[in-house]
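Worth saying up front: this structure is predicted, and the values here are computed from it rather than measured. Letters go in sequence order (proteins before strands), and every chain restarts at 1.
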Number of protein chains: 2
Amino acid sequence: MKSSVEKVFLDYMHDNGLSMTPQRKLIVETFLETEGHFSAETLWSIVRERVSDVGQATVYRTLKILVDSGLADCFDLGDGVSLYEHAYGHEHHDHLVCMQCGAKVEIFDQTIENRQEEVAGRFGFELTRHRMYLFGLCPKCQKEKA
Amino acid sequence: MKSSVEKVFLDYMHDNGLSMTPQRKLIVETFLETEGHFSAETLWSIVRERVSDVGQATVYRTLKILVDSGLADCFDLGDGVSLYEHAYGHEHHDHLVCMQCGAKVEIFDQTIENRQEEVAGRFGFELTRHRMYLFGLCPKCQKEKA
DNA sequence: CATTTAATTGCAATTGGTTTTCAGTATCGC
DNA sequence: GCGATACTGAAAACCAATTGCAATTAAATG
Ligand SMILES: [Zn+2]
Ligand SMILES: [Zn+2]
Ligand SMILES: [Zn+2]
Ligand SMILES: [Zn+2]
């Protein structure tokens, strides 16, 4: 039985005249099995543990498809490295990041989300999306510092 | 009479063993006279209208000093280009950006700021800073689209 | 003011993540 | 199968930003 995610991906592929290839299959499977927030480089290294001759460009190209199809979300914390995470079946969330150890906590606050809409509306803007990153020290790194 | 901003800058320079040079003076003055949100490249082009042989690297290096001294704030909207704006005497604010025309509105909402602290606290984090960008369509671009 | 030392400059080369080019190869609808 | 189209890996290109370097300049000291 085909999972729901796979169906969404295959439909997107078909609807856009894209072909399924062994490389894409491998990359998509690896992406879906990898939890958390990771870079293209990291995904590439995991993929290569399985099949060694997958090109880096193919990983980037497939990640683009994953984002476009709604399976992946891409964001960057301001250091020039794009991070990817699962988007299908995952509700919207923002991130709380430890500047010391890099730990990332997924956060969501309906009050903030509502206020964002309201503030945008105050200026006549129609809001499409937003990004919010909170940076600080996680409990563990606070202790280590003290 | 020396302005307060200039004093802060010169003090920072002196306290860190940095020298004042004609190039730095020009770049800082140009920065202070330029309002809004602009890239290093843009600032460089304005600087070169005044003195043609200022190096690009010097602009980047001086912008770094401006950020470190608290005169400038640097952020990027996710497209890989750093934008700079005045920070001295400017209260913290976030940005509302039109994805069509690039218009940027400075926003501030105390409720959001409070909630950010609260959410971080919920996970034991000590919050240091945050970035929030709201993307959408400004009133003008909405009309043009309809 | 001259001297000395450390900082700064412009240029060009380099970096690092990401994208593009290209010639060969594989996929898909028929 | 077959042909049109899409995909691949490798390498080159991109591009904002940084860095190495030799020449120049600021500024602290006497
Ligand atoms: Zn949110
Ligand atoms: Zn996440
Ligand atoms: Zn804010
Ligand atoms: Zn601003």
[X] [atom1] to [N] [atom2], straight-line distance once rounded to whole Å:
X	N	atom1	atom2	answer
Gln23(B)	dT24(D)	CD	C1'	10 Å
Lys25(B)	dA26(D)	NZ	P	13 Å
Ile27(A)	dC7(D)	CD1	C1'	11 Å
Ile65(B)	dT9(C)	CD1	C1'	12 Å
Leu63(B)	dT8(C)	CG	C1'	16 Å
Arg61(B)	dT19(D)	CZ	P	10 Å
Asp76(A)	dA16(D)	CG	C1'	13 Å
Asp15(A)	dC28(C)	CG	P	14 Å

Which nucleotide, [options], lies nearest any side-chain atom of [X]?
X	options	value
Val81(B)	dC11(C), dA16(D), dC7(D)	dA16(D)
Thr21(B)	dT18(C), dC11(C), dA26(D)	dA26(D)
Pro22(B)	dA6(D), dT19(D), dA26(D)	dA26(D)

Output field: ring centroids [X]/[Y] closer than 6.0 Å:
X	Y	result
Phe9(A)	Tyr88(A)	no
Phe38(A)	Phe31(A)	yes
His95(B)	His130(A)	no

Margin query: On DNA chain D, does the nearest nucleotide to Val59(A) precede the nearest nucleotide to Leu18(B) from the 5' side, or the other way round? Give the residue.
Written below: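 Here Val59(A) is the residue nearer the 5' end.
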
Phosphate OP1/OP2 of [N] contacted by [X] side-chain N/O (<4.0 Å):
X	N	value
Tyr60(B)	dA17(D)	yes
His14(B)	dA27(D)	no
Ser82(B)	dA17(D)	yes

Check: Want to settle it: does Asp53(B) or Gly17(B) sit nearer the 5' end of DNA chain C, counting the closest nucleotide to each?
Finding: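 Nearest-nucleotide comparison on DNA chain C picks Gly17(B).
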
Margin query: Need one value for Gln56(A): base, sugar-phosphate or nothing, where a base atom within 4.0 Å counts as base even if backbone is also close, heavy atoms only.
Written below: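 Base contact.
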
Check: When we call it a touch if two heavy atoms are under 4.0 Å apart, what does Ser39(B) touch: a base, just sugar-phosphate, or nothing?
Finding: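 Result for Ser39(B) = nothing.
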
Note to self: Does either side chain, that of Ser39(B) or that of Thr42(B), offer a donor lying less than 3.5 Å from an acceptor on the other one?
What the structure shows: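 Yes, a side-chain donor-acceptor pair sits under 3.5 Å.
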
Note to self: Counting neighbours of CD on Glu33(A) that are heavy atoms of other residues, nucleotides or ligands and sit closer than 6.0 Å, is the number greater than 12?
What the structure shows: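 Counting other residues, nucleotides and ligands, CD of Glu33(A) exceeds 12 neighbours.
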
Margin query: Given the structure, check if the side chain of Arg24(B) and the base of dT25(D) hold any donor-acceptor pair shorter than 3.5 Å.
Written below: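 There is none.
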
